[in-house]
Amino acid sequence: MNREGELALSVEGVVTRFGDKIVHNGVSFKTYRREVTALIGSSGSGKSVLLREIIGLLRPSEGRISVMGVDVWQASDEELAALRGRFGVLFQEGALFSNLTVGENVAVPLEEKTELSPELVERLVDLRLSLSGLSPEERHKMPSELSGGMKKRAALARALSLEPELLFLDEPTSGLDPITARRFDELIQTLSHGLGIGVLLTTHDLDTISSIVDRLIVLDKGKVLAYGTVAEVKQFQHPWVQEYFSSRGG
């Protein structure tokens, strides 16, 4: 099956060095629209670093990263700004602005990147909150008044504000209780499969991997150790992979 038309992300030969330390040494993989792809690996394998390189916050030492056909590190400032309007990011701690209400947080990308009227921005904020499982009343709360799960949903609503084609999520269920985490997983899967959004997430959560992930990338010693469906990766005969799944009851 030719899937190039659905290609969301292409990472080719990425090398990342910090002084004498090599974090990535030729990382390559692709992700697609309408799929949830998870990036896993041991602590220090560079998952979050790679995510920051993909979204244009940290320049890799070598290699090419293309997001929806745009070369991130060859793009002009204008092209990169336009690209960032096509994807959403949820950082591990949510990264909500503490001095803004939930609604004001969600409105920030709309106010910065569009010329919509205040009335239309208000309507879109309510729609994004609803899509993320929050009620219109919660738009008036401050981040400090929210539970961990609600903070994640508010951050997701902000990431969805510009109707992205691609979502990047850094440890989206970290710090959530199991029930809240599974509800959040279901939301992510609905966004991906229902709306056609491509999702790349970093995670340690095996329940997330088992329930919603379509493809799995394993980073180890600076390279992609395994890539495939969850079932395929589970069968990969490597000590770290086998220990990862067996120690978590997978």
Side-chain angles (χ1 to χ4, degrees), residues 1-10 29-40 51 54-55 67-69 83-92 94 102-103 105-107 109-110 113-114 116 120-136 138-139 148-174 176 178-203 205-217 228-232:
M1 177 180 177
N2 183 4
R3 308 196 54 201
E4 290 306 306
E6 301 176 49
L7 185 65
L9 168 68
S10 176
F29 60 85
K30 294 179 179 180
T31 72
Y32 299 89
R33 296 279 298 270
R34 299 185 184 276
E35 286 192 353
V36 179
T37 303
L39 190 62
I40 69 170
L51 205 59
I54 290 169
I55 63 177
V67 177
M68 290 173 288
L83 177 64
R84 284 176 172 154
R86 298 174 63 195
F87 65 73
V89 183
L90 192 158
F91 294 102
Q92 188 168 339
V102 168
N105 265 278
V106 178
L110 291 165
K113 295 183 177 294
T114 74
L116 299 174
L120 186 51
V121 168
E122 291 291 297
R123 291 176 58 191
L124 288 174
V125 166
D126 282 343
L127 284 171
R128 300 298 179 263
L129 290 172
S130 176
L131 190 61
S132 301
L134 294 174
S135 68
E138 285 161 336
R139 67 175 296 152
M150 289 172 67
K151 283 182 181 178
K152 296 275 189 176
R153 287 177 181 268
L156 181 63
R158 186 176 63 185
L160 292 170
S161 61
L162 296 174
E163 298 187 347
E165 301 165 57
L166 188 55
L167 277 175
F168 298 107
L169 314 175
D170 193 11
E171 299 284 353
T173 58
S174 174
L176 301 183
I179 294 175
T180 303
R182 299 295 72 80
R183 288 174 178 166
F184 199 82
D185 283 342
E186 292 170 2
L187 174 58
I188 296 303
Q189 187 175 50
T190 297
L191 292 171
S192 177
H193 294 178
L195 300 182
I197 298 173
V199 177
L200 176 66
L201 59 89
T202 69
T203 188
D205 191 333
L206 189 57
D207 287 329
T208 296
I209 293 169
S210 300
S211 60
I212 70 165
V213 169
D214 298 297
R215 295 187 187 276
L216 196 56
I217 302 162
T229 65
V230 175
E232 290 168 344

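Note that the numbering runs from 1 along the sequence shown for the chain.
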Partners passing ring pair (Phe, Tyr, Trp, His ring centres under 6.0 Å) against Phe168 (at least two apart in sequence or in another chain):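 Counting only residues at least two positions away or on another chain, Phe168 forms a ring pair (Phe, Tyr, Trp, His ring centres under 6.0 Å) with Phe87.
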Which residues pass the side-chain hydrogen bond (donor to acceptor under 3.5 Å, both in side chains) test with [X], sequence neighbours left out?
X: Asn105; result: Arg158
X: Thr202; result: Asp170
X: Glu138; result: Ser135
X: Thr180; result: Asp177

Under the side chain to side chain contact (heavy atoms under 4.5 Å, CB included) test, residues paired with [X] that sit two or more places apart:
X: Ala154; answer: Leu96, Val102, Leu134, Leu146
X: Thr229; answer: Arg215, Ala231, Glu232
X: Arg34; answer: none
X: Leu195; answer: Leu131, Leu191, Ile197

Pairs meeting criterion salt bridge (charged side-chain N to carboxylate O under 4.0 Å, His left out) with involvement of residues 125-135, two or more places apart: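 For residues 125-135: Asp126-Arg139, Arg128-Glu163.
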Suppose we screen for salt bridge (charged side-chain N to carboxylate O under 4.0 Å, His left out). Which residues come up paired with Arg123, at least two apart in sequence or across chains?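 Not a single residue meets the salt bridge (charged side-chain N to carboxylate O under 4.0 Å, His left out) criterion with Arg123.
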Side-chain heavy atoms of Leu90 within contact of Leu167, under 4.5 Å: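 Side-chain contact under 4.5 Å: no.
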CD of Glu165 to CZ of Arg86: how many Å apart, nearest 0.5 Å? 4.0 Å
Audit row: Asp214, His193, side-chain contact (heavy atoms from CB on, under 4.5 Å) steps and yes/no: CA-CA 10 Å; Asp214 298 297; His193 294 178; 3.0 Å; yes
